[in-house]
Amino acid sequence: QVQLVESGGGLVKPGGSLRLSCAASRTISSTYTLGWYRQAPGKQRELVATFTRGGETNYADSVKGRFTISRDNAKSTVSLQMNSLKPEDTAVYFCNARSAILQIWGQGTQVTVSS
């Protein structure tokens, strides 16, 4: 079973930046869609950004222009560069890999935006 491990979370002030990274425990197919989701306290998990096998990216409206997703198929990694962070970005961020028949989640990494 492939495992996804996130890193890079932490505490940052409003307007600051963080970079999240997610690595797979073994090589996963480049056909998987890789993405990031987040869940704030008391809220449902929501999509942040995805990167399809065809190279298409998709972002939640709330992060467009501030976050950038990237992937490295050779290393089976996906990253999320987060700029101009806001307090409402505070959440646990989860890495996700999915195909037509399988979905894998990471354990999550906490991002807190506070002064």
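This chain uses plain numbering: 1 for the first residue, then up along the sequence. The model shown is predicted, which means the values in this text are computed figures rather than measured ones.
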With a 3.5 Å cut-off and sequence neighbours excluded, list the donor-acceptor pairs that the side chains of residues 4-15 form with protein atoms.
| residue | atom | partner | partner atom | Å |
| --- | --- | --- | --- | --- |
| E6 | OE1 | Q107 | N | 3.1 |
| E6 | OE1 | Q107 | NE2 | 3.3 |
| E6 | OE1 | G108 | N | 3.0 |
| E6 | OE2 | C95 | N | 2.8 |
| E6 | OE2 | G108 | N | 3.2 |

Subject >> Those residues that, when tested against K64, pass salt bridge (charged side-chain N to carboxylate O under 4.0 Å, His left out) (two or more places apart) >> reply: D61
Subject >> Qualifying disulfide (SG to SG under 2.5 Å) pairs with a residue from residues 41-92, counting only residues at least two apart or across chains >> reply: none
**OP:** Ignoring hydrogens and angles, tell me if any N or O in the side chain of S84 forms a donor-acceptor pair with the backbone of R66 under 3.5 Å.
**Re:** no
**OP:** With sequence neighbours excluded, give me every disulfide (SG to SG under 2.5 Å) pair touching residues 54-94.
**Re:** none
**OP:** To the nearest 0.5 Å, tell me how far L34 CG sits from I69 CD1.
**Re:** 7.0 Å
**OP:** Scan residues 104-115 for pairs that pass salt bridge (Lys or Arg N to Asp or Glu O under 4.0 Å), counting only residues two or more places apart or in two chains.
**Re:** none
Original post:
About how many Å separate CG of L47 and OG of S62, when rounded to the nearest 0.5 Å?
Top reply: 9.5 Å
Original post:
Taking atom CD of E88 as the centre, does the number of heavy atoms from other residues, nucleotides or ligands within less than 6.0 Å exceed 12?
Top reply: yes
Original post:
Which pairs pass salt bridge (Lys or Arg N to Asp or Glu O under 4.0 Å) with one or both residues in residues 68-86, sequence neighbours excluded?
Top reply: none
Subject >> Listed once per pair and sorted, the ring pair (Phe, Tyr, Trp, His ring centres under 6.0 Å) pairs that draw on residues 15-49, sequence neighbours left out >> reply: Y37-W105
Subject >> Where at least one partner belongs to residues 45-88, residue pairs that pass ring pair (Phe, Tyr, Trp, His ring centres under 6.0 Å), sequence neighbours excluded >> reply: none
**OP:** With sequence neighbours excluded, tell me which residues meet side-chain contact (heavy atoms from CB on, under 4.5 Å) with R19.
**Re:** S70, S79, Q81
**OP:** Would you name the heavy atoms of V2 and I104 that are closest together and state the gap between them?
**Re:** O-CG2, 3.6 Å
Original post:
Rounded to the nearest 0.5 Å, how far apart are CZ of R98 and OG1 of T52?
Top reply: 9.0 Å
Original post:
Does CD belonging to Q3 count more than 12 external heavy atoms closer than 6.0 Å?
Top reply: no
Original post:
Are L85 and F94 connected in the hydrophobic side-chain network, where two residues link if heavy atoms are under 4.5 Å apart?
Top reply: no
Original post:
Which value, rounded to the nearest 0.5 Å, describes the distance between T109 atom OG1 and L80 atom CG?
Top reply: 11.0 Å
**OP:** Would you list the pairs meeting side chain to side chain donor-acceptor pair (under 3.5 Å) in which at least one residue belongs to residues 20-30, sequence neighbours left out?
**Re:** S29-T31
Original post:
Taking T90 for the side chain and V113 for the main chain, is one N or O donor matched with an acceptor at less than 3.5 Å?
Top reply: yes
Original post:
What salt bridge (Lys or Arg N to Asp or Glu O under 4.0 Å) pairs are there with at least one residue in residues 45-56, not counting sequence neighbours?
Top reply: R38-E46
Original post:
side chain to side chain contact (heavy atoms under 4.5 Å, CB included) between M82 and D89: does it pass, once the steps are laid out?
Top reply: CA-CA 10 Å; M82 305 186 294; D89 294 318; over 6 Å; no
**OP:** Any disulfide (SG to SG under 2.5 Å) involving residues 50-79? Give me the pairs, sequence neighbours left out, ordered by first then second residue.
**Re:** none
